[in-house]
Amino acid sequence: MASNVKRKYTFNQLQNWLDRYGSPLFVFDVKEFKDNYFHLLDSFRAIYPKYNIAQSYKTNYTPKICSLVKEYGGLAEVVSDMEYKIAKNVGYSDKDIIYNGPIKGPMMEKFLLDGCVVNIDNLKELGRIINLAKEHFDKELRVGIRVNLDIGQGFVSRFGVDPDNGDLEEVLSQIEQYKNIHLVGLHMHIGHSRGVQYWAERAKQMIELADKYLDFIPEFIDIGSGMFGVMDPFLAEQFGGSIPTYDHYAQAVATVFRQRYGHLPLDKQPWLYTEPGTTIVSAYMYLLSKVYGIKKIRGKNFACIDSCIFNVSDMCRIKKLPIEIYSNGNKKRENFESIDLVGYTCLEYDVPFSEYSGEIGEGDIVLFKNVGGYSLVSKPAFISEQCAGIMINEDQSIELFKRKEKVEDVMLTYVTKGDHNE
Ligand SMILES: *Cc1c(COP(=O)(O)O)cnc(C)c1O
């Protein structure tokens, strides 16, 4: 099972980058990212023009990528005070930040006062917002409600407010009592439901909910994330073969919005938001890693590579990521029927790719595809520091987006003897 997509690089090109920035190395392709971003945007806008993308920061908050999204006119979707601050550093104004998440940080109140939309997840949070509204009756607080829907996902999600047990009515009636709390939108997000049928269900149920509970047209309806992105055939095969395109999703969702709101003047139509993370970033980030050596133990073959499952991303524990192996021309390369690519950690389960069949040898470079989601941002400084990342700009120039970490970076927050800083 090897990927047969045309190779993008040459060994020498990749080796030059590794010589300059170290190995392993993340590589982000701006042109491919941009094309994909606008493909998603245009698919929806062709049917329902008031659509926009709110980039999920938790998936990958690389500032240079967030800046690109900002430049393309996208919004920032954050779920913590930390992510909010990253969005502010990128240059976002509060009106273009959506604050979600089950436990919002102590700065939520400040953000609300600044004009950021907070999507209420639970009654406890509503209490905080009401307290704020009482203290600042001259300020307009803009809120949405995250609702918890059953779209056939087959499990009970823990996020949002239940519309069926009276909680949603409770939130709505409490909000109504405060003139300065403005309900401006509805939000939902359910994981593990990437199929088009779930998206059709999201659109239908959210519009029904808005019609049932609101006596006005909301400013936005946000239906979260979890779409399949553009995918290498090797990966698509593992998801059952036929992966829907953005046009399929747009047909299922934007059409429903157009039917319900299309007759209204544009400024009265609600914004339709989705919150892609993995969908927009994953396929356009690669990880390069050198083969350190080959090892054979009791009939089992191992290629030791200088990265680990935490660099490569959690995804490699569930699926086999598409890889390309670039040869350095080593004469001793062997053809293996099955060889595990194993990482630098001391964990037995650190196997970024299992049962590879094909040629591989010491000094080769392994290029992992689809590593842009939950990789950079969830890599602990476990055993070794995080590596560097570069981006290939549209004009083909190379730019560093993250330098390699140093041991000093890792030690920065640990208190050592004689160090009394807090
Ligand atoms: C995780 C998450 C996203 C991003 O999901 P992806 O599947 O990575 O695109 C968007 N919105 C919310 C509320 C999330 O929790």
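The first residue of the sequence shown is numbered 1, and numbering continues consecutively from there. The structure displayed is predicted, hence computed values, not measured ones. As the structure lists them, so they are numbered: ligands from 1, and atoms in each ligand from 1.
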Ligand 1-proximal atoms of [X], by part, heavy-atom distance under 4.0 Å:
X      : result
Tyr374 : side chain
Pro276 : backbone
His192 : neither

Heavy-atom side-chain proximity of [X] to [Y] below 4.5 angstrom:
X      : Y      : result
Asn370 : Tyr286 : no
Met108 : Ile129 : yes
Leu367 : Leu287 : no

### Identified ring-ring contact (aromatic ring centres under 6.0 Å, His included) counterpart of Phe38 within the set Phe44, Phe33, Tyr246, Tyr72
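With Phe38 as partner, Phe44, Phe33, Tyr246, Tyr72 yield a single ring-ring contact (aromatic ring centres under 6.0 Å, His included), made by Tyr72.
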### Query
In a check of ring-ring contact (aromatic ring centres under 6.0 Å, His included) between Tyr84 and each of Tyr61, Tyr92, Phe111, which one passes?
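When ring-ring contact (aromatic ring centres under 6.0 Å, His included) is applied between Tyr84 and each of Tyr61, Tyr92, Phe111, only Phe111 qualifies.
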### Query
In terms of atom number and element, which parts of ligand 1 are under 4.0 angstrom from non-hydrogen atoms of Ser56?
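The atoms of ligand 1 under 4.0 Å from a heavy atom of Ser56 are 3 (C), 4 (C), 10 (C).
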### Query
Can you list the ligand 1 atoms lying under 4.0 Å from a non-hydrogen atom of Arg146?
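In order of number, 13 (C).
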### Query
Hey, is Lys290 close enough to Asp364 for a salt bridge, meaning N to O under 4.0 Å?
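Looking at Asp364 together with Lys290, the answer is no, because their closest N to O distance does not fall below 4.0 Å.
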Quick one: look up the protein heavy atom nearest [atom] and list residue, atom name and how far away it is.
atom                    : answer
atom 8 (O) of ligand 1  : Thr278 OG1, 2.4 Å
atom 11 (N) of ligand 1 : Glu275 OE1, 2.6 Å
atom 1 (C) of ligand 1  : Lys58 NZ, 1.4 Å
atom 9 (O) of ligand 1  : Ser225 OG, 2.6 Å
atom 7 (O) of ligand 1  : Arg194 NH2, 3.3 Å

### Derivation of the side chain to side chain donor-acceptor pair (under 3.5 Å) call for Asn119 and Asn100
CA-CA 5 Å; Asn119 284 325; Asn100 289 326; 2.7 Å; yes
### Message
Below 4.0 Å from ligand 1: does a non-hydrogen atom of Gly226 turn up there or not?
### Response
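True for this residue.
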### Message
Would Met227 count as a contact residue for ligand 1, given that I'm defining contact as a non-hydrogen atom of the residue lying under 4.0 Å from a ligand atom?
### Response
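Contact check Met227 vs ligand 1: negative.
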### Message
Any nitrogen or oxygen of Gly277 lying under 3.5 Å from a nitrogen or oxygen in ligand 1? Just yes or no.
### Response
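Yes, Gly277 has an N/O under 3.5 Å of an N/O on ligand 1.
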#### Entry: Cationic tip of Arg202 above Trp199 ring, under 6.0 Å, 45° of axis
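Pair Arg202/Trp199 counts as cation-pi.
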### Query
Within 45° of the six-membered ring axis of Tyr21 and under 6.0 Å from that ring's centre, is NZ or CZ of Lys404 located there?
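Judged by the rule, Lys404 and Tyr21 form no cation-pi pair.
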